[in-house]
Enquirer: 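Input: one structure, supplied below.
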Amino acid sequence: MIPLKDDNPSYGLPIINYVFIVTNLVVFFYLRALPGSAVDHFIREYGVVPRQILQGESWWTVLTAMFVHNAAHWEHVAFNMLSLAIFGDNIEVAMGHLRYFAFYLLGGLIAGMVHVLAVADCTNPMIGASGAISAVMGAYLVLYPRRTILFFAPLVLLRLPALIYMMLWLGWQIVYRLTYDSAGGVAWFAHLGGFAAGIVLVWPFCLSRRRRAERLLGEREFIRE
């Protein structure tokens, strides 16, 4: 389920979203330029290792890990940044720049801690922006359930309301979590935790429907949703 675009024009400049995307890409290409041993050390240094976190060590990695992607897997960072570009701009304009900045980081932190608590004995580092982006997707579900998402599914292009797209995405996460557990090194719990965090956090960060309307569209189309 690769998202390609949404039918939801943004009426503002999502500066913070651009900063997050550029930061992730800069770190990714920096790692691409390093030798293999240095990459492994970097990931171990800045990734989330659950056992270490619960022992009170390297707690700051819950923040840094969300800006690190494995240099050997370009498809991971490409998918994440595409998703962030599609869903993040509308959320930033709805919340405002500073609120979105805090929302994104808090969503990523919660996602990381859900992963830590779920696999407490794990000694492998977790990296990637998926948890924070899952929070953005959760917020998008709450704010724009009727906006359509164009996405690529196996062998076909589909356009569905965000509500259905997000529910299919959520179901996919749950099925793969139950079927494959941690196979492939995917932090399913971080995805689920981030998504739930986004659904909850969007309310205090957006304050009210009136405030969102004033910040984002301020037009009748938004009110009808």
Enquirer: Identify whether L163 and L4 are in the same connected component of the hydrophobic contact network (ILVMFWY, side-chain heavy atoms under 4.5 Å).
Expert: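 The answer is yes; both residues are in one hydrophobic cluster.
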
Enquirer: Got V77 and H73 here, is their nearest side-chain heavy-atom distance under 4.5 Å?
Expert: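 Heavy-atom side-chain distance check fails, nothing below 4.5 Å.
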
Enquirer: Shortest non-hydrogen contact from A135 to F103?
Expert: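 Nearest pair, atom of A135 first, then F103: O-CZ, 3.4 Å.
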
Enquirer: Show your reasoning for whether side chain to side chain contact (heavy atoms under 4.5 Å, CB included) applies to L170 and L192.
Expert: CA-CA 8 Å; L170 181 62; L192 296 173; 3.6 Å; yes

Enquirer: Look at atom CZ of F101 and say whether more than 12 heavy atoms of other residues, nucleotides or ligands are closer to it than 6.0 Å.
Expert: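 Open: at most 12 neighbouring heavy atoms sit under 6.0 Å from CZ of F101.
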
Enquirer: Do L158 and L150 come close enough that some side-chain heavy atom pair is under 4.5 Å?
Expert: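 No, side chains not in contact.
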
Enquirer: Do other residues, nucleotides or ligands put more than 12 heavy atoms under 6.0 Å from the CZ atom of F152?
Expert: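 Atom CZ in F152 is packed in, count exceeds 12.
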
Enquirer: If the condition is side chain to side chain donor-acceptor pair (under 3.5 Å), which residues does D6 pass it with, not counting sequence neighbours?
Expert: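 Side chain to side chain donor-acceptor pair (under 3.5 Å) check on D6 returns Y140.
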
Enquirer: Around L157, counting heavy atoms of other residues, nucleotides and ligands shown, do more than 12 lie under 6.0 Å from its CG?
Expert: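 Counting neighbours around CG of L157, more than 12 heavy atoms of other residues, nucleotides or ligands fall under 6.0 Å, so yes.
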
Enquirer: Do V39 and V49 share a hydrophobic cluster (ILVMFWY, side-chain heavy atoms under 4.5 Å, transitive)?
Expert: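 As far as the 4.5 Å side-chain criterion goes, V49 and V39 are not connected within one cluster.
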
Enquirer: Is there a side-chain contact between M137 and L141 in this structure, where contact means two heavy atoms from C-beta onward sitting under 4.5 Å apart?
Expert: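 No, their side chains stay 4.5 Å or more apart.
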
Enquirer: Sequence neighbours excluded and cut-off under 3.5 Å, please list the side-chain donor-acceptor pairs for residues 111-133, or say none.
Expert:
{"from": "S130", "atom 1": "OG", "to": "H76", "atom 2": "NE2", "distance (Å)": "3.3"}
{"from": "S130", "atom 1": "OG", "to": "N80", "atom 2": "OD1", "distance (Å)": "3.3"}
{"from": "S130", "atom 1": "OG", "to": "N80", "atom 2": "ND2", "distance (Å)": "3.2"}

Enquirer: Please give me the minimum heavy-atom distance between V202 and I199, naming the atom from each residue.
Expert: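 That closest heavy-atom pairing would be CG1-O, 3.2 Å.
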
Enquirer: Would you name the heavy atoms of G12 and P14 that are closest together and state the gap between them?
Expert: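 Heavy atoms only, the tightest pair is O-CD, 3.3 Å.
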
Enquirer: Do I110 and L201 pass the side chain to side chain contact (heavy atoms under 4.5 Å, CB included) test, and can you show the C-alpha distance, the side-chain angles, and the key distance before you say yes or no?
Expert: CA-CA 11 Å; I110 292 174; L201 292 175; 4.0 Å; yes

Enquirer: So does N70 get a backbone contact from the side chain of W74, meaning a donor-acceptor N/O pair under 3.5 Å?
Expert: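 Checked: no pair found.
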
Enquirer: Taking the side chain as C-beta and beyond, is there a heavy-atom pair between N90 and L143 under 4.5 Å?
Expert: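 No; the side chains remain at least 4.5 Å from each other.
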
Enquirer: Compare all side-chain heavy atoms of F20 with those of L105 and state whether any distance is below 4.5 angstrom.
Expert: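 Result yes, sub-4.5 Å side-chain heavy-atom pair found.
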
Enquirer: Side chains of D89 and V93: closer than 4.5 Å at any heavy-atom pair?
Expert: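 Result no, sub-4.5 Å side-chain heavy-atom pair not found.
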
Enquirer: Nearest 0.5 angstrom please: H41 NE2 to E45 CD, how far?
Expert: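 If I round to the nearest 0.5 Å, the distance is 5.0 Å.
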
Enquirer: If I take atom CD1 from residue I43 and atom CG from residue L31, how far apart are they, to the nearest 0.5 angstrom?
Expert: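 If we round to the nearest 0.5 Å, I43:CD1 and L31:CG are 6.0 Å apart.
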
Enquirer: Kindly say whether the aromatic ring centers of Y144 and F87 come within a distance under 6.0 Å.
Expert: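 Between Y144 and F87, the centre distance exceeds or equals 6.0 Å.
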
Enquirer: I need the minimum non-hydrogen distance between R159 and T148, along with the two atoms involved.
Expert: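 Looking at all heavy atoms of both residues, the shortest contact is CG-CB, 3.8 Å.
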
Enquirer: Around atom CH2 of W59, are there more than 12 heavy atoms from other residues, nucleotides or ligands closer than 6.0 Å?
Expert: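 Counting neighbours around CH2 of W59, 12 or fewer heavy atoms of other residues, nucleotides or ligands fall under 6.0 Å, so no.
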
Enquirer: Ignoring hydrogens, what is the shortest heavy-atom contact between V48 and A65? Give both atom names and the distance.
Expert: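 So the minimum-distance heavy-atom pair works out to CG2-CB, 3.6 Å.
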
Enquirer: To the nearest 0.5 Å, how far apart are CE in M66 and OG1 in T23?
Expert: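 Answer rounded to 0.5 Å: 12.0 Å.
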
Enquirer: Answer yes or no: is there a side-chain heavy-atom contact under 4.5 Å between P3 and Y165?
Expert: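 Yes, their side chains come closer than 4.5 Å.
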
Enquirer: Going by side-chain heavy atoms closer than 4.5 Å, which hydrophobic residues are tied to V22, directly or by a chain of links?
Expert: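 Members alongside V22: V26.
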
Enquirer: Verify the cluster assignment for F79 and M166: are they in a single hydrophobic cluster under the rule of side-chain heavy atoms below 4.5 Å apart?
Expert: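 Same hydrophobic cluster.
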
Enquirer: So does M81 get a backbone contact from the side chain of N24, meaning a donor-acceptor N/O pair under 3.5 Å?
Expert: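 It does not hold such a pair.
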
Enquirer: Check the orientation of W188 and H191. Use parallel for under 30°, tilted for 30 to 60°, and perpendicular for over 60°.
Expert: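 Judged by the thresholds at 30° and 60°, the geometry between W188 and H191 is perpendicular.
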
Enquirer: State yes or no: do L168 and V156 share one hydrophobic cluster built from I, L, V, M, F, W and Y residues joined by side-chain heavy-atom distances below 4.5 Å, directly or via other members?
Expert: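 They do share one cluster, since a chain of ILVMFWY contacts under 4.5 Å joins L168 to V156.
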
Enquirer: Strictly under 6.0 Å, is that where the ring centroids of F195 and W169 end up?
Expert: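 Under 6.0 Å, so yes.
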
Enquirer: In terms of hydrophobic clustering (I, L, V, M, F, W, Y; side-chain heavy atoms under 4.5 Å; direct or indirect links), are I164 and I86 co-clustered?
Expert: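 I164 and I86: one cluster.
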
Enquirer: Counting distance only, does the side-chain N/O of E92 pair as donor-acceptor with the main-chain N or O of H97 below 3.5 Å?
Expert: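 No, because the side chain of E92 does not come within donor-acceptor range (under 3.5 Å) of the backbone of H97.
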
Enquirer: With the side chain counted from C-beta on, respond yes when F205 and I91 share a heavy-atom pair under 4.5 Å apart, and no when they do not.
Expert: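 No - every pair of side-chain heavy atoms lies 4.5 Å or more apart.
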
Enquirer: Looking only at heavy atoms, what is the nearest atom pair of C206 and M95, with distance?
Expert: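 Closest pair (atom of C206, atom of M95, distance): SG-CG, 3.7 Å.
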
Enquirer: In terms of relative ring orientation, are F67 and Y104 parallel, tilted or perpendicular, with 30° and 60° separating the classes?
Expert: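 Judged by the thresholds at 30° and 60°, the geometry between F67 and Y104 is tilted.
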
